[in-house]
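Counting begins at 1 with the first residue of the sequence. All values reported here derive from a predicted model rather than from experimental measurement.
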Amino acid sequence: MTTHAPQAAQAVTLPTTLDEAVAALAAMPAAVPVAGGTDLMAAVNSGQLRPAALVGLGRISEIRGWQYQDGHALLGAGLTHARMGRPDFAALIPALAAAARAAGPPQIRNAGTLGGNIASAAPTGDALPVLAALEATLIIAGPDGARREVPVSHLLAGMEMLRAGELIGYVRVPLLHAPQVFLKATGRTGPGRATASVALVLDPARRGVRCAVGAIAPMPLRPLEAEQWVASLIDWDNGRAIVPEALHGFGEYVAAACIPDEAPAEDGTVPPLPPAVLHLRRTVAALARRALGRALS
């Protein structure tokens, strides 16, 4: 597996269907599923994980593409970031394509998968705030052909967990046919892990704005009150016009909701935020403001 692995896997199974993969996991409870392996191999190389067996998902063609289904896109969990970054996919779900293109250098984008991004649930996963803003639903495959649906936000928040022998098979995303934006800030120039990210999508049919902030908490955060407030200020019947002051206010509203002030002291005074936290709040505000401005332009 790797010259740095403290212990190599003792068994590798390569199923060709989703149900075969589920059956293999059920037969080997200690087995670990692997698709691109970008997170798994980092854990192996650092000594945090020593899998007794692996179930490779790379040969399951049914989860490597997408299809249309009742106004939704049904995305296979095996879609790579590189595939999602292509123009045909970007025309379908622009924000997810933008997140896929920002996921890292080419070797990461070529290997990393949508399902892996969700299952690892790393706070800096670029696809996660987009899926939260889109209110995506996971289709989870279980033993004996069982399928169940779980909102992606429930899995990321720990409200639902993958059970023994289950795999994320597909992600159902509503097709909104409206502007979508993904922006992120990193600690360096070029591809890198996000210090903060914002996904924003418009939902003209419901005259709504959906926003999710990533990387600053264990799961993406939805500033619901800020969404409702700014949606009420958009002139949906006149080119989605909005006053500039509302853009600035939205950024501040989102940032304050996701990075609140310190609790008041006993004397009623509110301690100032540490400089690093204050900088992060300003970053979130700028990202949210820019994202909404681009979506409405």
> With Trp229, which residues qualify under ring-ring contact (aromatic ring centres under 6.0 Å, His included), at least two apart?
Replying inline: Tyr253
>> Are Leu57 and Leu79 linked, directly or through intermediate hydrophobic residues, by side-chain heavy-atom contacts shorter than 4.5 Å (ILVMFWY only)?
In response: no
> Which pair of non-hydrogen atoms, one from Ser153 and one from Met219, has the smallest distance, and what is that distance?
Replying inline: O-CE, 4.3 Å
> Do Thr269 and Asp267 get their side chains close enough for a donor-acceptor pair, meaning under 3.5 Å?
Replying inline: yes
>> So, using salt bridge (charged side-chain N to carboxylate O under 4.0 Å, His left out) as the criterion, who are the partners of Glu149 when residues are at least two apart?
In response: Arg172
> Would you say Ser197 and Val213 make side-chain contact, with heavy atoms under 4.5 Å?
Replying inline: no
> Does a side chain donor of either Glu20 or Thr16 reach within less than 3.5 Å of an acceptor in the other side chain?
Replying inline: yes
>> So Pro179 and Leu296, do their side chains get closer than 4.5 Å, heavy atoms only?
In response: no
> What distance separates Arg59 CZ from Thr17 OG1, expressed to the nearest 0.5 Å?
Replying inline: 13.0 Å
>> Run the salt bridge (charged side-chain N to carboxylate O under 4.0 Å, His left out) test against Arg210 and tell me which residues pass, sequence neighbours left out.
In response: Glu135, Asp203
> Would Leu162 and Ile140 satisfy side chain to side chain contact (heavy atoms under 4.5 Å, CB included), going step by step from the backbone distance to the final call?
Replying inline: CA-CA 8 Å; Leu162 288 178; Ile140 298 175; 3.6 Å; yes
> Looking only at atom types and distance, does a side-chain atom of Thr195 sit under 3.5 Å from a main-chain N or O of Ala185, one as donor and one as acceptor?
Replying inline: yes
>> Is it the case that atom CD in Gln69 sees more than 12 heavy atoms from other parts of the structure closer than 6.0 Å?
In response: yes
> Which residue pairs pass the ring-ring contact (aromatic ring centres under 6.0 Å, His included) test when at least one of the two sits in residues 102-125, sequence neighbours left out?
Replying inline: none
>> Applying salt bridge (charged side-chain N to carboxylate O under 4.0 Å, His left out) as the test, list every pair that has at least one member in residues 115-133; sequence neighbours left out.
In response: Asp126-Lys184
> Any sub-3.5 Å donor-acceptor pair from Glu160's side-chain atoms to Pro151's backbone N or O?
Replying inline: no
> Excluding sequence neighbours, so at least two apart, what forms salt bridge (charged side-chain N to carboxylate O under 4.0 Å, His left out) with Glu262?
Replying inline: none
> So how far is it from Asn117 CG to Thr124 OG1, rounded to the nearest 0.5 Å?
Replying inline: 8.5 Å
>> Contact between Pro129 and Leu131 at the side-chain level, heavy atoms closer than 4.5 Å - yes or no?
In response: no
> Going through the distances and angles, do Leu292 and Val230 end up as a side chain to side chain contact (heavy atoms under 4.5 Å, CB included)?
Replying inline: CA-CA 10 Å; Leu292 181 61; Val230 79; 3.5 Å; yes
> So, do Val284 and Ile259 sit near enough that their side-chain heavy atoms are less than 4.5 Å apart?
Replying inline: yes
>> Are Val34 and Val32 linked, directly or through intermediate hydrophobic residues, by side-chain heavy-atom contacts shorter than 4.5 Å (ILVMFWY only)?
In response: yes
> Does Val171 reach the side chain of Ile118, with side-chain heavy atoms less than 4.5 Å apart?
Replying inline: yes
> How long is the span from the CD1 atom in Ile139 to the CG atom in Leu167, to the nearest 0.5 Å?
Replying inline: 13.5 Å
> So if you build clusters from Ile, Leu, Val, Met, Phe, Trp, Tyr with side-chain heavy-atom gaps below 4.5 Å, do Leu200 and Ile242 land together?
Replying inline: yes
>> Test your reading of the model: is there a side-chain donor-acceptor pair from Glu166 to the backbone of Arg163, 3.5 Å cut-off?
In response: yes
>> Run Val150 and Thr137 through side chain to side chain contact (heavy atoms under 4.5 Å, CB included) and show every step you take.
In response: CA-CA 6 Å; Val150 175; Thr137 301; 5.9 Å; no
>> Give me the atom names and distance for the closest heavy-atom approach of Ala231 to Gly208.
In response: CB-CA, 4.2 Å
> Would you say the side chain of Ile216 lies within less than 4.5 Å of the side chain of Cys258, judging by non-hydrogen atoms?
Replying inline: yes
> Please, which pairs that meet ring-ring contact (aromatic ring centres under 6.0 Å, His included) have at least one residue in residues 256-292, sequence neighbours excluded?
Replying inline: none
> Any chance CZ of Arg206 has more than 12 other-residue heavy atoms, nucleotides or ligands included, within less than 6.0 Å?
Replying inline: no
> Between CG of Leu175 and CD1 of Ile93, what distance do you get to the nearest 0.5 Å?
Replying inline: 6.0 Å
> Which pairs with one or both residues in residues 227-244 pass salt bridge (charged side-chain N to carboxylate O under 4.0 Å, His left out), sequence neighbours excluded?
Replying inline: Arg207-Asp237, Arg222-Glu227
> Can you name the one residue among Val209, Val181, Leu176 that meets side chain to side chain contact (heavy atoms under 4.5 Å, CB included) with Val201?
Replying inline: Leu176
>> In this structure, would Leu54 and Leu25 fall into the same cluster of hydrophobic residues linked by side-chain contacts under 4.5 Å?
In response: no
> What closest approach, in Å, do Ala295 and Leu202 show between heavy atoms, and which atom pair accounts for it?
Replying inline: O-CD1, 3.6 Å
> Minimum heavy-atom separation for Ala77 to Ile168, with atom names?
Replying inline: CB-O, 3.2 Å
>> side chain to side chain contact (heavy atoms under 4.5 Å, CB included), that's the test. Do Val12 and Leu14 meet it? Break it down for me.
In response: CA-CA 7 Å; Val12 177; Leu14 300 173; 4.0 Å; yes
> Given side chains that start at C-beta, do those of Thr186 and Arg193 come closer than 4.5 Å, heavy atoms only?
Replying inline: no
> What residue pairs, at least two apart or across chains, pass ring-ring contact (aromatic ring centres under 6.0 Å, His included) with a residue in residues 160-182?
Replying inline: none
> Do you know which two heavy atoms are closest between Pro204 and Ala178, and how far apart they sit?
Replying inline: CD-CB, 3.4 Å
>> Quick check for you: to the nearest 0.5 Å, what is the distance between Leu96 atom CG and Leu134 atom CG?
In response: 7.0 Å
>> To the closest 0.5 Å, what do you measure between OG (Ser61) and CG (Leu18)?
In response: 11.0 Å
> Is it the case that one hydrophobic cluster holds both Val198 and Ile234, taking links as side-chain heavy atoms less than 4.5 Å apart, direct or via other members?
Replying inline: yes
>> Tell me every residue that passes salt bridge (charged side-chain N to carboxylate O under 4.0 Å, His left out) with Arg83, counting only those two or more places apart in sequence or in another chain.
In response: Asp88
>> Per the salt bridge (charged side-chain N to carboxylate O under 4.0 Å, His left out) rule, what does the pair list look like for residues 279-294, sequence neighbours excluded?
In response: Asp261-Arg281
> Does Arg64 reach the main-chain N or O of Gly58 with its side chain, forming a donor-acceptor pair under 3.5 Å?
Replying inline: yes
> For Gly165 and Pro143, which heavy atoms make the closest approach, and how far apart are they?
Replying inline: O-CD, 4.0 Å
> Which pairs, with at least one residue in residues 66-104 and sequence neighbours excluded, count as a ring-ring contact (aromatic ring centres under 6.0 Å, His included)?
Replying inline: Trp66-Phe89
